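Not measured: the values here are computed from a predicted model.
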Amino acid sequence: MFHVKREEWTVKKNECYEVRITGYTSEGQGVAHVEGMAVFVPRVIAGELCRIKILKVGKTAAYGKLEELLEPSPHRQKPACPTAGLCGGCVFQHMDYEEECRLKAQRVSDALTRIGGIDLGPIAITGSAAVGGYRNKAQYPVGLCGGVPEAGFFRQRSHQVIPVEHCGIQSASADQVRAAVVGWMRRWNVPVYDETAGTGIVRHIFVRCGFRTGEVLACIVANGEKLPREKALVEALHAQVPGLASVVLGVNTRRGNAVLGDRFRTLWGKDAIEDELCGLRFRLSPRSFYQVNRDQAERLYGRALELAQLDRTQTVLDLYCGTGTITLCLAREAGTAIGVEIIEAAIADAKENAKRNGIENARFFCADAGQAAMRLAAEGTRPDVIVVDPPRKGVSADVIEAMAEMAPRRIVYISCDPATLARDLRLLEQHGYRTVHAEAFDLFPRCAHVETVVLLSHKKPDGHIN
């Protein structure tokens, strides 16, 4: 392929150009081309004719902003959120949900083809019934705005706090907790944490909601072991948050970007709340992994179960099991379900969740995938099915080696990043597996992320699929 050297680019910074938007980046920015160079432009829609201004020219691409919309897309809409384009959360407020789902499905298809070398044709996507108010978890950074404490979300690619009184994708309970804590801080002059100096107290407001149970957990993340006026804080939350079940202090005295620390103290109520998912009840502490869109998670997990094709004679292994949500769903269909997770606290929660739901054919142990493979081999256990739901970085090469060594008939891969998914599928295909099905689920309306569930089957020596 012919490549133009950077010194040959004629695209100039601060110059304006008329362009047609041809597609999207993985982050949801529009893609156009000026004199052969790709230009990324936020808050535009495929098919639109735009006048853009170039802000930056890089080695392989340029970055611009919309100056004038010459031919708007029929999918364009006025953003419902007053802070759209300011906070770094929602990136699709300017388009209707139909176009958002289309581009997310296309993103998955493009990644599988381009990175994985896998062509499954058009990818189906299951959209969310609720586009607003669907999140059961909120993390509000706290900062000074105009000299007074505020909470909201960070401006994109910065740590500047944009005050947000109401977030359209969060629950009403999250808004109520935020308002109560900010009011308490202003009333009692509670210092805001300064991440540059490492001084001050309140860093984040963290909220969990049980959508089925109605329980609310409010966690104040602080740079210290205690808060001033703790009783007044609890009273303020009580007065403003229906369903409040737990008020927790999260201690985080470390420098850096991590929201939660490793120590928690319950100021009032329970140590954790509960919610129901797929007919099972789960304990949710501040550190528990739990999908933020509960209703869509039920649909995603239900499809994963269908693809696993389990029966009571089979053993299923769930890697990256977290607190056991998927493992326990699998256990109801399998003979034995084994959950593996490297975080000890998560394994403790998983075991407790199994007891809470009366599930006796699930067992959990703390290990990485390689250790799990050795342990199961020593026991003479070979899983019929492996389910993986890794973090955004995907599955490491050594874990893929361990999965291939265990040689399950089927692998069900749940992914929150199409690029790392495609990379891992390519590696699994090199180890004797064939990708036979993939579909997308939108658990994050208005945001750039998308979930995908994939079925891989082991190829027999004669080339047929199990």
**Q** Check for a donor-acceptor pair, side chain of R312 on one end and backbone N or O of A334 on the other, with a separation under 3.5 Å.
**A** yes

**Q** So if I apply the side chain to side chain contact (heavy atoms under 4.5 Å, CB included) rule between M95 and each of E98, Q93, E99, which one comes out positive?
**A** E99

**Q** Parallel, tilted or perpendicular: which fits the ring planes of Y290 and F282, with parallel below 30° and perpendicular above 60°?
**A**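 Ring orientation, 0 to 90° scale: tilted.
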
**Q** Which pairs pass side chain to side chain donor-acceptor pair (under 3.5 Å) with one or both residues in residues 246-260, sequence neighbours excluded?
**A**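 Qualifying pairs: none.
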
**Q** With a 3.5 Å distance limit and no angle check, can you tell me whether R178 reaches the backbone of A151 through a side-chain donor-acceptor pair?
**A** yes

**Q** Below 4.0 angstrom, N of the basic side chain to O of the carboxylate: do R107 and E27 qualify?
**A**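 Here R107 does not pair with E27 in a salt bridge, since their nearest N and O are not under 4.0 Å apart.
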
**Q** Can you list the residues that meet the salt bridge (Lys or Arg N to Asp or Glu O under 4.0 Å) rule with R263, with sequence neighbours excluded?
**A** E225

**Q** Check K104 against C447 and note the closest heavy-atom contact, atom names and distance.
**A** NZ-O, 2.8 Å

**Q** I need the minimum non-hydrogen distance between Y134 and P445, along with the two atoms involved.
**A** OH-O, 2.8 Å

**Q** Shortest non-hydrogen contact from G30 to I21?
**A**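 The pair with the smallest heavy-atom distance is CA-CG2, 3.9 Å.
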
**Q** For atom CD of Q371, is the number of surrounding heavy atoms from other residues, nucleotides or ligands below 6.0 Å larger than 12?
**A**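 Yes - once you tally the heavy atoms of other residues, nucleotides and ligands closer than 6.0 Å, there are more than 12.
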
**Q** If only atom types and distance count, is the side chain of N357 paired as donor or acceptor with the main-chain N or O of I359 below 3.5 Å?
**A** no

**Q** Ignoring hydrogens and angles, tell me if any N or O in the side chain of R382 forms a donor-acceptor pair with the backbone of M406 under 3.5 Å.
**A** yes

**Q** Is there a donor-acceptor pair closer than 3.5 Å between any side-chain N or O of H94 and the backbone N or O of P79?
**A** no

**Q** Between N223 and G198, is there a donor-acceptor pair closer than 3.5 Å when you use the side chain of the first and the backbone of the second?
**A** yes

**Q** Working note: Y413 + D424, criterion side-chain hydrogen bond (donor to acceptor under 3.5 Å, both in side chains); need CA distance, chi angles, decisive distance, verdict.
**A** CA-CA 10 Å; Y413 192 137; D424 294 345; 2.6 Å; yes

**Q** Any sub-3.5 Å donor-acceptor pair from D442's side-chain atoms to S128's backbone N or O?
**A**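 No, because the side chain of D442 does not come within donor-acceptor range (under 3.5 Å) of the backbone of S128.
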
**Q** Evaluate the ring planes of Y63 and F40, with Trp represented by its six-membered ring, and classify them as parallel (under 30°), tilted (30 to 60°) or perpendicular (over 60°).
**A**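 Taking F40 first and then Y63, their aromatic rings stand perpendicular (interplane angle over 60°).
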
**Q** Any salt bridge between E451 and R303, counting N to O under 4.0 Å?
**A**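 R303 and E451: not salt-bridged.
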
**Q** Quick one: which of I123, T452, T435 gives a side chain to side chain contact (heavy atoms under 4.5 Å, CB included) with L112?
**A** I123

**Q** Is any NZ, NE, NH1 or NH2 atom of the basic residue among E48 and R76 found under 4.0 Å from an Asp or Glu carboxylate oxygen of the other?
**A** yes

**Q** Treating R392 as the side-chain partner and C416 as the backbone partner, does any N or O pair qualify as donor plus acceptor under 3.5 Å?
**A**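 Pair found, side chain donor or acceptor close to backbone of C416.
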
**Q** Quick check against the 3.5 Å criterion: does E215 have a side-chain atom that pairs as donor or acceptor with the backbone of D275?
**A** no

**Q** Can you tell me if CZ on R332 sees more than 12 non-hydrogen neighbours from other groups inside 6.0 Å?
**A** yes

**Q** Are R287 and F264 in a cation-pi setup, meaning NZ or CZ lies under 6.0 angstrom from the ring centre and within 45 degrees of the ring axis?
**A**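 Output no; distance or angle outside limits.
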
**Q** Treating D384 as the side-chain partner and T315 as the backbone partner, does any N or O pair qualify as donor plus acceptor under 3.5 Å?
**A** yes

**Q** Taking the side chain as every heavy atom from C-beta outward, state whether R375 and V340 have any pair of such atoms under 4.5 Å apart.
**A**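 No, too far: nothing below the 4.5 Å cut-off.
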
